[in-house]
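Only one structure is covered here, and it is reproduced in the block below.
Order of the sequence lines sets the chain letters (A, B, ...), proteins ahead of strands, with each chain counted from 1.
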2 protein chains.
Amino acid sequence: MSLRMALLGLLSVKGPASGYDLAKKFEISLNHVWQAGHTQIYPELVKMAADGLVDAGSEGARGRKTYTITPEGTRRLHEWMIEHAAVGVTRSEVALQAFMLPLLGRDDAIAVMERIRAGFQRRLAMLEGQSPASFGAYALRLGLAQAQVSLQWADEVLAELRDSAG
Amino acid sequence: MSLRMALLGLLSVKGPASGYDLAKKFEISLNHVWQAGHTQIYPELVKMAADGLVDAGSEGARGRKTYTITPEGTRRLHEWMIEHAAVGVTRSEVALQAFMLPLLGRDDAIAVMERIRAGFQRRLAMLEGQSPASFGAYALRLGLAQAQVSLQWADEVLAELRDSAG
DNA sequence: CGACTCATGTAATTGGTTACATGATTAG
DNA sequence: CTAATCATGTAACCAATTACATGAGTCG
């Protein structure tokens with residue numbers, strides 16, 4: 001359902017788009033929030049058209065199909081936003097490795113934490129490169145705050161590990 | 001693979017356990033990091049036994065089966081920790097709703113944000129109820145830091161929405 | 001004896017990833 | 001002409017959820 005809603009959201013804000021366009025938007029603007037490749041997007045758009053949430057326009061150049069959100073699609077998106085209590089379920093490989101960190105010796109633990117730290121650093125840099133004035137500004141600010149605090153956590157853990165006897 | 005590693009981690013630290021025990025541990029100590037129900041755990045343990053990562057003991061009372069990690073299981077877990085670069089992939093319904101918040105009018109947006117805020121509040125309370133001295137201390141601290149900063153973000157967004165003209 | 005917890009499983013379905021496959025158009 | 005980008009799709013597989021199903025032991 002979330003993929004569906006993400007697609008409706010993009011179509012709602014950015015206007016009519018092809019599956020290809022939407023896949024691009026997932027890569028750039030939505031990347032920190034939700035991910036989907038074209039292999040998931042194309043079939044989903046077909047189902048959404050069958051359900052009357054989008055209109056599939058006629059084929060353009062290179063077989064391009066442009067989808068437009070329908071009033072019913074807009075209605076369903078708003079309904080979902082207002083009624084669906086988003087589940088804050090987290091499945092984080094990083095947190096899992098952090099959980100099990102005490103299984104490793106000091107040096108291995110430091111190496112793992114440095115890799116994790118680098119990941120947070122990369123993520124932060126990616127988010128800082130995004131335009132803060134755009135549509136997804138609230139989500140961007142959340143992502144930035146979380147990335148910053150995670151990086152800080154990694155630094156603290158690294159400092160503790162380095163202070164500990166080897 | 002992550003489920004497998006989480007199971008090996010639990011068996012490694014807490015000693016031999018049944019699928020039932022492991023499902024309980026997922027609910028309590030590991031809940032903020034990874035989730036898995038018994039319907040996923042039982043078949044996975046069978047596969048892990050076939051792959052030599054765990055030993056399935058003989059059946060006890062009420063058909064209880066106690067699994068023990070093997071040396072090969074320990075080896076594979078350490079290997080994964082050290083070599084597998086955890087992907088920081090995030091798929092958050094909350095962030096998705098935040099992303100699309102501008103689609104809603106002021107009052108609906110406030111209602112959605114209040115619900116999101118309550119979710120973070122609950123999560124924070126849950127984490128604060130966990131023993132900070134236990135095995136998963138590092139992951140717990142990360143979870144707490146992220147929950148706190150998320151709650152702060154929600155408060156800021158709510159203040160902005162309330163200040164804005166209705 | 002009835003309710004609860006312990007304990008294990010299967011089947012169907014949904015969601016998501018990886019690999020494979022094809023062809024049109026554009027820029028150099 | 002050829003490499004890159006545009007553009008769409010299918011098939012196989014892996015991961016996860018929901019629903020269904022069963023039975024043993026324990027507490028009141």
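- Between B:L96 atom CG and C:dG15 atom P there is a gap of 14 Å when expressed in whole angstrom units.
- A donor-acceptor pair shorter than 3.5 Å cannot be found between the side chains of B:Q130 and B:S29.
- For DNA chain D, no neighbouring residue in residues 2-27 of chain B is found when judged by any heavy atom under 4.0 Å.
- Distance, B:L45 CG to C:dA7 P: 14 Å, rounded to whole Å.
- Taking atom CD of B:E44 as the reference point, atom C1' of D:dC14 lies 10 Å away to the nearest angstrom.
- Here the CD atom belonging to A:E27 is positioned 11.0 Å from the NE2 atom belonging to A:H38, to the nearest 0.5 angstrom.
- With the nearest nucleotide of DNA chain C identified for both B:R91 and B:V46, B:V46 has the one nearer the 5' end.
- Ion pairing between a basic and an acidic side chain is recognised when a charged N comes within 4.0 Å of a carboxylate O; A:E128 and A:R123 show no such pairing.
- As rounded to whole Å, 8 Å separates atom P of C:dT14 from atom NZ of A:K47.
- As a whole-Å value, the separation of A:Y42 OH from D:dC6 P is 11 Å.
- Between the side chains of A:Q97 and A:R115, at least one donor-acceptor pair of N or O atoms lies under 3.5 Å.
- A:L140 and B:M113 fall into different hydrophobic clusters, defined by Ile, Leu, Val, Met, Phe, Trp and Tyr side-chain heavy atoms under 4.5 Å apart, directly or through other members.
- Counting only heavy atoms from C-beta outward, the side chains of A:W153 and A:I116 approach each other to under 4.5 Å.
- With rounding to whole Å, B:Q40 atom CD is found 5 Å from D:dA16 atom P.
- Between A:Y20 and A:Y42, the gap from one ring centroid to the other reaches at least 6.0 Å.
- Taking atom CZ on B:R64 and atom P on C:dT5, their separation rounds to 17 Å, with Å as the unit.
- Side chains of B:L77 and A:L103 form a contact here, defined as non-hydrogen atoms less than 4.5 Å apart.
- Side-chain contact of A:E93 with B:H84: a donor-acceptor pair under 3.5 Å is present, judged by distance alone.
- Considering only side-chain atoms of A:R62, the nucleotide from D:dA16, D:dT5, C:dG16 that sits closest is D:dT5.
- For the pair B:Y67 OH and C:dA7 P, the interatomic distance rounds to 13 Å; values are reported in whole Å.
- Within residues 31-39 of chain B, the residues having any heavy atom closer than 4.0 Å to DNA chain D are, in order of number, B:W34, B:T39.
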